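Reckoned from all heavy atoms, side chains included, excluding hydrogens, waters and symmetry mates. Letters A, B, ... mirror the listed sequences (proteins, then strands); counts begin at 1. No experiment lies behind these values; they were computed from the predicted model shown.
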Amino acid sequence: VQGLNPSVLEPKSVQATLDAAFYGVVPPLSNSDATADLREFLRKYDVQAVIAFPEGARPANAVSYFATAIGCPVESGGVTVWLHVQQRLLVDQTQGPTANDTCGVRPFFTTRVLTPANGATVSGTRVIAANGTDYS
Amino acid sequence: VTSVDFYLRGGSQHDVPIGTGRLSLYGWITLWDTKTVPNGTYTLQSVAHDAAGGSSRSKAITITVRN
């Protein structure tokens with residue numbers, strides 16, 4: 001009901017990705033990069049700390065989502081915590097070996113359409129290809 | 001990643017699955033008969049799944065079908 005629920009913050013893909021992790025469903029359509037969107041979200045709202053509770057269908061998905069964007073969390077009292085988020089954003093955590101390698105959390109894997117190319121015109125029977133990586 | 005599916009959106013197609021990739025040296029590939037949809041502009045995405053039940057969508061690309 002309009003007025004009862006809080007508005008969805010931008011970029012909307014962040015809430016959509018977290019909702020998908022909570023409900024255990026496939027993330028919704030998005031025209032943007034999930035990790036870049038999350039970093040933009042955290043910067044835009046000047047988030048200082050993130051606390052993840054092990055609740056919902058796929059809590060590990062949420063943890064790996066944040067770990068890919070802002071690096072390794074710490075575990076404390078059964079929750080997963082990222083402190084100093086704005087300082088973390090000054091470092092491009094998404095380049096090189098991902099933080100997930102050493103975090104001990106499951107990687108936030110990604111996929112990308114390889115062919116056809118963006119903007120291509122296709123006809124007949126066409127080969128479609130995508131990669132699926134375990135790391136961003 | 002244990003499987004990759006492909007989805008199409010545009011026109012009367014709303015996130016319609018158009019194939020499941022088979023793993024090859026060139027990635028997860030499938031063949032798609034573009035004549036199964038009307039000519040027009042669509043967005044195409046891949047969705048990867050892992051053994052733990054997680055999934056991830058690719059950034060959408062835009063394609064034009066012209067048969």
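Nearest heavy-atom pair across Val4(B) and Ala130(A) is CG1-CB, 4.1 Å. Gly124(A) and Thr34(B) make their closest contact through O-OG1, 2.6 Å (heavy atoms, listed as atom of the first residue, atom of the second, distance).
No donor-acceptor pair closer than 3.5 Å links the side chain of Thr62(B) to the backbone N or O of Gly119(A).
Note that CG of Asn131(A) is 11.0 Å distant from CH2 of Trp28(B), once rounded to the nearest 0.5 Å. To the nearest 0.5 Å, atom OG1 of residue Thr125(A) and atom CG of residue Asp33(B) are 4.5 Å apart. Between Ile61(B) atom CD1 and Thr115(A) atom OG1 the span is 7.5 Å, to the nearest 0.5 Å.
In the hydrophobic clustering of ILVMFWY residues, with side-chain heavy atoms under 4.5 Å counting as a link, Trp82(A) and Leu18(A) come out together. Both Tyr45(A) and Phe66(A) belong to a common hydrophobic cluster when Ile, Leu, Val, Met, Phe, Trp and Tyr are linked at side-chain heavy-atom distances under 4.5 angstrom. Hydrophobic clustering of Ile, Leu, Val, Met, Phe, Trp and Tyr side chains at less than 4.5 Å, counting indirect connections, unites Trp32(B) with Leu23(B). Residue Leu9(A) is grouped with residue Leu42(A) when hydrophobic side chains (ILVMFWY) are merged at heavy-atom distances under 4.5 angstrom, including chains of intermediate members. Cluster membership for Ile29(B) and Phe6(B), using ILVMFWY side-chain heavy atoms within less than 4.5 angstrom, is not shared.
Proximity to chain A (any heavy atom under 4.5 Å) is shown, for Val65(B), by both the backbone and the side chain. For chain B, the nearby part of Ala117(A) is the backbone; its heavy atoms alone come within less than 4.5 Å. With a 4.5 angstrom heavy-atom cutoff, Ile18(B) touches chain A only via side-chain atoms. Both the backbone and the side chain of Ile128(A) come within less than 4.5 Å of a heavy atom in chain B.
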* To do: Determine, step by step, whether Val127(A) and Tyr26(B) satisfy the side-chain contact (heavy atoms from CB on, under 4.5 Å) criterion, reporting the C-alpha distance in whole Å, the side-chain angles of both residues, the deciding distance to 0.1 Å, and the verdict.
  => CA-CA 11 Å; Val127(A) 171; Tyr26(B) 308 100; over 6 Å; no
* To do: Assess whether side-chain contact (heavy atoms from CB on, under 4.5 Å) is satisfied between Thr111(A) and Val1(B), documenting all intermediate values.
  => CA-CA 9 Å; Thr111(A) 179; Val1(B) 172; over 6 Å; no
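Of the residues considered (Gly27(B), Ala48(B), Ser46(B)), Ser46(B) shows the highest number of contacts with chain A, using heavy-atom pairs under 4.5 Å. Put simply, of Arg66(B), His49(B), Arg22(B), the one with the most heavy-atom pairs under 4.5 Å next to chain A is Arg66(B).
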